[in-house]
**Student:** 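This is the structure, below, for whatever I ask next.
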Amino acid sequence: MLEKKYNHRNVEQEKYETWKKKGLFQSGDQTKIPFTIVIPPPNVTGRLHLGHAWDTALQDIIIRYKRMSGFDALWLPGMDHAGIATQAKVDKKLKEEGINPRSLKREEWLKKAWEWKEEYANTIYNQWGKLGLSLDYNKERFTLDEGLSNAVRKVFVDLYHEGLIYRGERIINWDPLAMTALSNEEVIYKDIEGALYHIKYFIKNKNEYLEVATTRPETLFGDTAVAVNPKDERYQKYIGQSVILPLVNKEIPIVGDIHADPEFGTGVVKITPAHDPNDYEVGMRHNLSRIIVMHPNGTMNENAGIYEGLDRFECRKQVIQDLKKQNLLIKIENIMHSVGHSERTDVLVEPYLSKQWFVKMRPLANAVLENQKNKETKVNFLPSRYEKIMNHWMEITYDWCISRQLWWGHRIPAWYKGDEIYVGMDAPLEEGWVQDEDVLDTWFSSALWPFSTLGWPELTEDLKRYYPTNVLVTGYDIIPFWVNRMTFQGLHFTNQRPFEYCMIHGLIRDSKGRKMSKSLGNGVDPMDVIDTYGADALRYYLATSTALGTDLRYEEEKVKSTWNFINKIWNASRFVLMNRKIDTEIKLEHLNDSDKWILTHYENTIKNVCKFMDRYEFQNVGTLLYHFIWDDFCDSYIEMAKFSIEEEHTKNTLLFVLIGILKMLHPFMPYVTDEIYHEIKQEEITTSDYPEYEKKLIFKTEEEKITDMLEFIRIFRNIKQENNMGKEFFVSIETHLPDIALKLLKIEDKIAIKKEITNYAVVYKELKATIYYEKEQTKEDQILKEKQLNALKSSIERRKKLLSNENYVKKAPTHLVEEEKKKLLEEQEKLANLQGKDKNEWKEN
RNA sequence: GGGCGUUUAGCUCAGUUGGUUAGAGCAUCUGCCUUACAAGCAGAGGGUCUGCGGUUCGAGUCCGUAAACGCCCACCA
């Protein structure tokens, strides 16, 4: 028997290990149709946050539903090595231990990194377990494991030979703290306060100067020209002449280039080809030399002369001071401008000329755009608007910088010998080749995740069976990093979309709508929530509280009320089990009206729940189940069942419906449903069959009868309560009322013959009764009655008007018109009835 | 500059292809310890669905327009 109180800790304890031992999450039943989800591999950088809990809860709900619906469900787990993020954490830890991470040999450092990985992977296993995720651990992968590394090399080598990967010197985004190149996606633009420094660049041999405005004066050591717009009448005459670069006293040309916008600043722009992407282009057009002025760590190099060694921002201060001294600084204009920051380290990104590896994006992106036009083969986004995000990215994307100056990652399979380059799966056999020191962007391997995890490039049984995957679940913030890249790599290498559907959820915010972040300290640890309310409550809350694709404000109150809901289920189950006839099969026979009523509601619930489950609209599922369980099953049916609890049909109906409820709830609340289900059956609910809609359990007539009766009861109670009746009243029943109504209303001993005292009519459809109440009617009572009458009258008026509208009668669906007519008649009768009573009263008074 | 989203009860959110008098949770008010549950039961109050215009017999829902808030992308000397 279930414990008296629902205790989530007791319920959830140790269950997960049992499930795993029993192999409930294993895929592979060849007799079934496969259904696959690959988990978005969490980074091995730390603990899972609420966003992970949400993301994985959604996936677990889908996979459990599919498993119960007869699919060979595979939910493939795994983790991501998370190159730059993990390396930063490992370095930080080493520094805390007093070790300079760069003083270690690569192999030594990697050993430390693997130790870190093991530790954090264990944390994540633990958290997955707490969340109750039905992952098939037999298929688990890690982005750095051998198979996946092989897939990464294969992709690199193939793209290289197809001309879609190349090595070149370009302006890239440089992170001076992590000392690595970044992709565009890893740069976060933030509006910060800055300044536009207006500097005099004197024209050679003249006492004239051009006013150059720049936000980064420290880069002037790399200036190799100044540019003006060739159409700018102010400066045309200077094109071809030279200016003297301040502080450096070097002569550099004045060029005419459309990049200079006459409207912006002074219309004169300094050109620093090695430190700005636009300047790089200008430099190419005018054949300018490229001077790098910084070391990789953001300090100035030898090209900065006396400023060598200074940090870039320190140098900026010095340069400004020195320009001021030489009277070369015209003014400092404070501006707000957006500046790129490194996603991981948050330092200002430095545009930097550097030799890196790139993926040539245009052909790959075009293939995606083409494929999205084909309804049969495209990736379907849920909600569909997110497709535009991907398509837009595909339209504007440019080459992807994939090399990273890190140790933690897939080493680039390129070897150099002098000027020769060799790219291949393995090192060349001859001596003298040196492998590229760099590793690949972590997203390069994640981009292959849906197929590399299934054994690609080998054509394995798993790949054939489970690929393409059915649905990918992730947040909208990950679309550019991951979804887009999986899509083009999947198309290119497997000729198929990597997933049929891409289900997008939002971000978790705090109750004030702010992003959860470490700096704000408003983060919520899902493990704390689980400890307080249980994983079941958290999962149900996360999955059902918001529509697909929109953000979620975390509110503890709501988790708490979900806990109450589970407690309700727990208690209802206790009631059913207490009254259970042991060891009998459930046979739905000799049903009474209320049995038929709940069965009808139950079947309709199944039908609608399945509809919404299939569309992944869990919010709607939540609403349906909540209403059905709490209102219909608990508050209505169980209350009715109490009057026939000794009868077999009642016991059977209770148990039958409870089983279905547990099954429908199971994907959302695996723990508590498992616990209760085991009290009923020996089998596992996880692998049991999902309820199916059965039309033969729909009883329209009885359903209507009980629904009307319940509504009648509600009206009756309302009148009693509104008039503060207490127990001093009598009732005359004027039409047939089911016995159960008398029982529910507790009026079996109050039936009386008509009395000429204060009375109230209770009318609903065919059901009528009059309550006699031995109390003088007060003014308030009369006002109340008047109010009721007026509401009724206006409703009748509304219906009359509607029905007299020819267009409505002609064009609206017939059943609606009929319904209107019926309601009108009912209300008119009710009005007549009420007014009749009123007349009596007024005669009395 | 381009695009997207949101705006519904005090708060957080639902609202299917347009169809009675717009729903839920929490909060509020009233009455109840009724033997599954007081973390509960029974009942109630609370909304000009952001504004304006249009289509329609009928608009929270479709179209146009404006505003507020938020997000994404691009540019930024």
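Because only heavy atoms are used, hydrogens play no part in the values below, and waters and symmetry mates are left out as well, while side chains stay in. So you know, we letter chains A, B, ... as the sequences are listed, proteins then strands, and number each from 1.
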**Student:** Output yes when at least one side-chain N/O atom of A:Trp630 is less than 4.0 Å from OP1 or OP2 of B:C41, else no.
**Tutor:** yes

**Student:** So, is A:Arg553 near the phosphate of B:U12, with a side-chain N or O under 4.0 Å from OP1 or OP2?
**Tutor:**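 Indeed, a polar side-chain atom of A:Arg553 lies that close.
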
**Student:** Could you tell me whether the side chain of A:Glu555 has a donor or acceptor atom within less than 3.5 Å of a complementary atom in the base of B:U12?
**Tutor:** no

**Student:** So, is A:Asn718 near the phosphate of B:A42, with a side-chain N or O under 4.0 Å from OP1 or OP2?
**Tutor:**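 False: A:Asn718 side-chain N/O out of range (4.0 Å or more) of B:A42 OP1/OP2.
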
**Student:** Rounding to an integer number of angstrom, what distance separates B:C26 and B:G43 when you compare their P atoms?
**Tutor:** 15 Å

**Student:** Please report the closest heavy-atom contact between A:Val226 and A:Lys270, naming both atoms and the distance.
**Tutor:**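 In this case the closest contact between A:Val226 and A:Lys270 is CG1-CA, 4.1 Å.
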
**Student:** Which stems does RNA chain B form, counting runs of 3 or more consecutive Watson-Crick or G-U wobble pairs with both distances under 3.5 Å?
**Tutor:** B:1-7 with B:67-73, B:10-13 with B:23-26, B:28-32 with B:40-44, B:50-54 with B:62-66

**Student:** Parallel, tilted or perpendicular: which describes the rings of A:Tyr541 and A:Tyr554, with under 30° parallel and over 60° perpendicular?
**Tutor:**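 Aromatic pair A:Tyr541/A:Tyr554 classed perpendicular.
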
**Student:** Counting only side-chain N and O atoms of A:Lys388, is one of them less than 4.0 Å from OP1 or OP2 of B:G5?
**Tutor:** no

**Student:** So if I take every side-chain heavy atom of A:Lys823 and compare against B:A36, B:G25, B:U20, which nucleotide ends up nearest?
**Tutor:** B:U20

**Student:** Does a nitrogen or oxygen in the side chain of A:Arg799 sit under 4.0 Å from OP1 or OP2 of B:U20?
**Tutor:**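 No, no such contact exists.
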
**Student:** Using whole Å, what does the distance between atom C1' of nucleotide B:U20 and atom NZ of A:Lys801 come to?
**Tutor:** 15 Å

**Student:** Nearest to the side chain of A:Ser338 - B:A14, B:C75, B:A36?
**Tutor:** B:C75

**Student:** Distance check: side-chain N/O of A:Thr546 vs OP1/OP2 of B:A14, anything under 4.0 Å?
**Tutor:** yes

**Student:** Would you kindly give the CG-to-P distance between A:Asn484 and B:C73, to the nearest whole Å?
**Tutor:** 11 Å

**Student:** If you find the nucleotide of RNA chain B closest to A:Asn567 and the one closest to A:Gln619, which residue's nucleotide is nearer the 5' end?
**Tutor:** A:Gln619

**Student:** Please measure how far the P atom in B:G40 lies from the corresponding atom in B:C4, and state the result in whole Å.
**Tutor:**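 It comes out at 44 Å once rounded to the nearest Å.
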
**Student:** Tell me, which pairs form a salt bridge (charged side-chain N to carboxylate O under 4.0 Å, His left out) where one or both residues lie in residues 538-563 of chain A, sequence neighbours left out?
**Tutor:** A:Asp60-A:Arg539, A:Arg509-A:Asp551

**Student:** Which of these nucleotides, B:C72, B:C26, B:C37, is closest to any side-chain atom of A:Asn571?
**Tutor:** B:C37

**Student:** Using the six-membered ring wherever Trp is involved, compare the ring planes of A:Tyr637 and A:Phe633 and label them parallel, tilted or perpendicular (cut-offs 30° and 60°).
**Tutor:**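 Geometry flag for A:Phe633 against A:Tyr637: parallel rings.
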
**Student:** For the side chain of A:Glu819, counting heavy atoms from C-beta on, which of B:U20, B:A14, B:A74 is nearest?
**Tutor:**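 Nearest to the side-chain atoms of A:Glu819, counting from C-beta on, is B:U20.
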
**Student:** Nearest to the side chain of A:Leu816, heavy atoms from C-beta on, is which of B:A42, B:U20, B:G19?
**Tutor:**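 The answer is B:G19, which lies nearest to the side chain.
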
**Student:** Expressed in angstrom and rounded to an integer, what is the separation of A:Tyr386 atom OH from B:G5 atom C1'?
**Tutor:** 7 Å

**Student:** Looking only at side-chain N and O atoms, does A:Thr623 come under 4.0 Å of OP1 or OP2 in B:G25?
**Tutor:** no

**Student:** A:Tyr398 side chain: which of B:C75, B:C73, B:C72 is closest?
**Tutor:**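 Closest nucleotide to the A:Tyr398 side chain: B:C75.
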
**Student:** Is any side-chain N or O of A:Lys4 closer than 4.0 Å to OP1 or OP2 of B:C37?
**Tutor:**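 For B:C37, OP1 or OP2 has a side-chain N or O of A:Lys4 closer than 4.0 Å.
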
**Student:** Side chain of A:Arg362, backbone of A:Glu395: donor and acceptor closer than 3.5 Å?
**Tutor:** yes

**Student:** Using atom C1' in both nucleotides, what's the gap between B:U21 and B:G25 to the nearest angstrom?
**Tutor:** 23 Å

**Student:** Find the distance A:Leu744:CG to B:U34:P and express it as a whole number of Å.
**Tutor:**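 After rounding, the reported distance stands at 16 Å.
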
**Student:** Check the angle between the aromatic planes of A:Trp570 and A:Tyr6 and answer parallel, tilted or perpendicular using the 30° and 60° thresholds.
**Tutor:** tilted

**Student:** Compare all side-chain heavy atoms of A:Leu658 with those of A:Ile680 and state whether any distance is below 4.5 angstrom.
**Tutor:** yes

**Student:** Of the options B:U21, B:C73, B:A14, whose atoms approach the side-chain atoms of A:His392 most closely?
**Tutor:** B:C73

**Student:** When rounded to the nearest 0.5 angstrom, what is the spacing between CZ in A:Phe612 and NZ in A:Lys607?
**Tutor:**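 It comes to 12.0 Å.
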
**Student:** With rounding to whole Å, what would you report as the distance between B:A22 and B:A59 at their C1' atoms?
**Tutor:**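 B:A22 and B:A59 have their C1' atoms separated by 12 Å.
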
**Student:** Kindly assign one of parallel, tilted or perpendicular to the pair A:Phe668 and A:Phe618, based on the angle between their ring planes and the thresholds 30° and 60°.
**Tutor:**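 Perpendicular: the ring planes of A:Phe668 and A:Phe618 meet at over 60°.
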
**Student:** Which whole number of Å gives the distance between the C1' atom of B:G3 and that of B:A74?
**Tutor:** 10 Å

**Student:** Could you state the CG-C1' distance from A:Leu552 to B:G25, rounded to the nearest angstrom?
**Tutor:** 14 Å

**Student:** Apply ring pair (Phe, Tyr, Trp, His ring centres under 6.0 Å) to A:Tyr280 and list each qualifying residue two or more places apart in sequence or on a separate chain.
**Tutor:**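 None.
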
**Student:** Taking the side chain of A:Lys558 as heavy atoms from C-beta outward, which of B:U12, B:U16, B:A36 is closest to it?
**Tutor:**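 Of the options given, the side chain of A:Lys558 lies nearest B:U12.
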
**Student:** Counting only distance, no hydrogens or angles, is the base of B:C37 paired donor-acceptor with the side chain of A:Lys568 under 3.5 Å?
**Tutor:**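 It does, because a donor-acceptor pair links the side chain of A:Lys568 to the base of B:C37 below 3.5 Å.
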
**Student:** Distance criterion of 3.5 Å, no angle test: do you see the side chain of A:Arg509 paired donor-to-acceptor with the base of B:U12?
**Tutor:**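 Not at all, since no donor on one side and acceptor on the other fall under 3.5 Å apart.
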
**Student:** Check whether the side chain of A:Glu639 and the base of B:A36 form a donor-acceptor pair under 3.5 Å.
**Tutor:** yes

**Student:** Scan A:Ala227 against the nucleic acid and name what it touches under 4.0 Å (heavy atoms): base, sugar-phosphate only, or nothing.
**Tutor:** nothing

**Student:** Quote, to the nearest angstrom, the P distance that separates B:A38 from B:U50.
**Tutor:** 40 Å

**Student:** Which whole number of Å gives the distance between the C1' atom of B:A67 and that of B:U20?
**Tutor:** 33 Å

**Student:** Nearest to the A:Thr550 side chain among B:C26, B:A14, B:A42, which nucleotide is it?
**Tutor:**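 That would be B:A14.
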
**Student:** Check the distance between B:C73's P and A:Lys190's NZ and give it to me in whole angstrom.
**Tutor:**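 So the NZ-P distance, A:Lys190 to B:C73, works out to 14 Å.
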
**Student:** Using the C1' atom in both, what is the distance from B:C52 to B:U7, to the nearest Å?
**Tutor:**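 Taking atom C1' in both B:C52 and B:U7, they lie 16 Å apart.
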
**Student:** Specify the residue among A:Asn579 and A:Val212 whose closest nucleotide of RNA chain B lies further upstream toward the 5′ end.
**Tutor:**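 Comparing both residues, the 5'-ward one is A:Asn579.
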
**Student:** For A:Met390 and B:C72, give me the distance from atom CE to atom P, rounded to whole Å.
**Tutor:** 19 Å

**Student:** In whole angstrom, what separates A:Lys746's NZ from B:C41's P?
**Tutor:**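 Going from NZ in A:Lys746 over to P in B:C41 covers 14 Å.
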
**Student:** What pair of heavy atoms forms the shortest contact from A:Val293 to A:Gly222, and how long is it?
**Tutor:**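 In terms of heavy atoms, the two residues are closest at CG1-N, 3.3 Å.
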
